[in-house]
Amino acid sequence: MDRLIGEPEVVAVDAGRIVAAGDRALLEAFPAATRHDLAGRTLVPGFIDAHNHLSIAALHPLWADLSRVQSVEELQAALRAQAAREPDAGWIRGFGWNETTAGVVLDRSHLDALNLDRSVIVVHYTLHQCVVCSRGLDELGIGRTSDDPPGGVIARRPDGEPSGLLIERAWSDAHARSVAAYRDPERWAGLFAARARQLLQAGITCVHDAACSPAAEAVYRAMARAGTLPISVLMMPHAEGILSPLDAIRLDGPPTGAGNERLRVGPIKLFADGGVAPALDVSIAGHRSAFGMQFPNLAAEVEQVVDRGFRVAVHAIGNVGVAAALDAFARASRRRRNRDHRFRIEHASVVSRRQIADLTALGAIGVVQPGFLLHVGQAVENVPFDEELWLAFGDLARAGVVLAASSDDPCAIHEPVQTAALGATRRTGSGNVFALDQALRYEEWLRAYTAGAAYAGGQESERGSLTPGKRADLVVLDGPLDAEHPPQVVETWVEGERVYGG
């Protein structure tokens, strides 16, 4: 991979691409060129967010923001206001609920008390669980005798009645139904564009949309044809229902790599374990403990995807999920030995040192989120494991695993200059420093957001470094590359045109 910063001093751009890069003597070769003096600021390639849910985050402005509510009463007031704003909506949806920061443990009774004539859904900030009202449970066909779906849990009260809390795959149908009415292609395209412009302000010129539904793919394609897609998108195909198993029908569609630099098909997205219930088998103070939720049939799904010529990305947070992903990758690799698989593990939040070695041997990519230090780091900083490692970015990098940086937006903050600082300082939401030995230098995080993410997406020939032939997607940073006082994004350029700042 190419160097990220330090060199070159001069970058020449023509027709949307970098045509030359070198020292100041290069200026003599382009005497008629328009010059843009950075005046001591830093030029880096456009940031690539390798795990971003743009197609979901784009809809959030339409719904009730519950991320700052501090009581049940505040939450209910926000939902009533949402119902008034959208009198024709079939489902009233709120997002960003966090029971830890809000001190609000919900069940359906809190939503039933609103006395609305429509179903109500409150979506957790992780996008891995929700709470729905009694009307919503009825609409979903969930009752006392309903079985838990594979990879999901219908939470229940002591009397056996559903509480309204739907965990992991149990909430997939609720998600699909509550967003269906918003999927008017023209309206959705406008929302996609608006969210993309916000990402440009953070220096993000490309996202890998992790869990891109068929409906979202259709909107992206229409925008690409119309020339209205502000940033580049690598679509990671996934079923319409969030967290759902493999959509085998999608394997008949365009394969990984299809498309162009603005819109391309990426790896198929699969799941090894949960998000709020990651599958863990860890040692704490000498005692072994296993908990969380492992999703079934991963190895068969990976085999099916690889046999059809797609690359694959697997969500795996806990070490049990990582083990399942590694096993599935190894089997698929043996079946297709001469293929450049570029297996991706999304998150890899808890790993063992043996698993790190196995990742290296497979040439797998760690798509990681330094911003998780804020909430995950704070949650686990006082529960150290004896052997397993939380957010082991340093050990992964030292072992030679290619790291692709990302945000998991809208589940966490998305600004690369800020999340990179967290990955370097290892500072959690409580202000404490967590496992400093797993820190990476700020410049290494910028590399993971550019060259590393480009490699993860099979895009290294088109973006990720300041080298001739690459797209002129560029970001200007003001201030030193100091994790304690991160620089600011002051300009963003796409294909040689300034689209933010200046």
Side-chain angles (χ1 to χ4, degrees), residues 53 56-57 59-86 89-144 146 148-149 151-179 241-243 274-278 291-293 374-376 378-379 408 410-412 429:
H53 296 284
I56 296 176
L59 291 167
H60 276 193
L62 302 179
W63 300 322
D65 185 352
L66 308 176
S67 60
R68 294 179 176 84
V69 300
Q70 297 295 312
S71 67
V72 170
E73 292 74 20
E74 286 185 23
L75 180 139
Q76 291 172 329
L79 292 169
R80 285 194 186 94
Q82 177 68 16
R85 281 194 300 271
E86 294 199 302
W91 283 71
I92 304 305
R93 179 160 168 150
F95 72 92
W97 160 57
N98 185 339
E99 74 286 357
T100 302
T101 58
V104 178
V105 178
L106 292 180
D107 71 12
R108 61 179 180 168
S109 65
H110 297 111
L111 307 183
D112 292 346
L114 294 168
N115 293 317
L116 296 173
D117 59 353
R118 290 164 282 163
S119 296
V120 182
I121 180 171
V122 171
V123 178
H124 199 254
Y125 77 96
T126 61
L127 298 178
H128 278 260
Q129 65 181 23
C130 73
V131 175
V132 299
C133 66
S134 296
R135 179 187 293 269
L137 290 175
D138 291 341
E139 186 171 337
L140 296 166
I142 295 174
R144 177 188 285 270
S146 298
D148 290 342
V153 170
I154 300 168
R156 299 180 186 276
R157 293 170 172 171
D159 63 0
E161 288 290 334
S163 70
L165 175 62
L166 305 177
I167 303 170
E168 303 296 354
R169 280 184 171 164
W171 94 281
S172 292
D173 191 25
H175 169 75
R177 292 193 187 211
S178 62
V179 303
I242 199 166
L243 312 185
V276 293
F291 46 91
M293 194 173 299
L374 275 180
H375 57 288
V376 175
Q378 181 175 357
D408 202 20
C411 306

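Across every non-hydrogen atom of H60 and P410, the tightest pair is CE1-CG, 3.5 Å. Taking all atoms of both residues into account, the shortest heavy-atom contact from W91 to G136 is CH2-CA, 3.8 Å. Nearest heavy atom pair, residue I142 against residue P162, reads CG2-CG, 4.1 Å. Scanning all heavy atoms of the two residues, the minimum distance from L111 to V132 falls at CD1-C, 3.8 Å. For the pair H375 and A412, the tightest heavy-atom approach, listed with the atom from each and the gap, is CE1-CB, 4.0 Å. Of all heavy-atom pairs spanning L62 and Q82, the tightest one is O-NE2, 2.8 Å.
Rounding to the nearest 0.5 angstrom, the gap separating the CZ atom in R169 from the CD atom in Q129 is 16.0 Å. Between atom SG of residue C133 and atom CG of residue D107 there is a gap of 11.5 Å, rounded to the nearest 0.5 Å. Annotation: the span from L127 atom CG to D408 atom CG amounts to 7.5 Å, rounded to 0.5 Å. Considering CD1 of I121 and CH2 of W63, their distance stands at 9.0 Å, rounded to 0.5 Å. Note that CD of Q70 and CG of L75 are 11.5 Å apart. Values are rounded to the nearest 0.5 Å. R118 contributes atom CZ, which lies 9.5 Å from atom CZ of R135 (distance to the nearest 0.5 angstrom).
Residues meeting the side chain to side chain donor-acceptor pair (under 3.5 Å) test with D138, sequence neighbours left out: none. Remark: E99 engages H124 in a side chain to side chain donor-acceptor pair (under 3.5 Å) (not counting sequence neighbours). Annotation: side chain to side chain contact (heavy atoms under 4.5 Å, CB included) contacts of Q76 (sequence neighbours excluded): V72, R80, H110, A113, L114.
For the pair E161 and R156, the minimum side-chain heavy-atom distance is 4.5 Å or more. S109 is listed as a side-chain neighbour of R157, based on a closest heavy-atom distance under 4.5 Å. When side chains are defined from C-beta on, L166 does not count as touching V153, because their heavy atoms never get closer than 4.5 Å. Using a 4.5 Å heavy-atom threshold, the side chains of V123 and W97 count as separate. Contact of the V276 side chain with the I167 side chain is registered, since non-hydrogen atoms from C-beta on lie closer than 4.5 Å. Contact annotation: the side chain of L106 never approaches that of L165 to less than 4.5 Å [non-hydrogen atoms, C-beta and beyond].
At least one donor-acceptor pair under 3.5 Å links the side chain of E168 to the backbone N or O of G275.
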V122 and L79: side chain to side chain contact (heavy atoms under 4.5 Å, CB included), yes or no, with the steps?
-> CA-CA 9 Å; V122 171; L79 292 169; 3.9 Å; yes
Intermediate values then yes/no, side chain to side chain contact (heavy atoms under 4.5 Å, CB included), L66 and F95: CA-CA 6 Å; L66 308 176; F95 72 92; over 6 Å; no
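Surrounding CZ of R85 are more than 12 heavy atoms belonging to other residues, nucleotides or ligands, all under 6.0 Å away.
A donor atom on one side chain and an acceptor atom on the other are found under 3.5 Å apart for H175 and R93.
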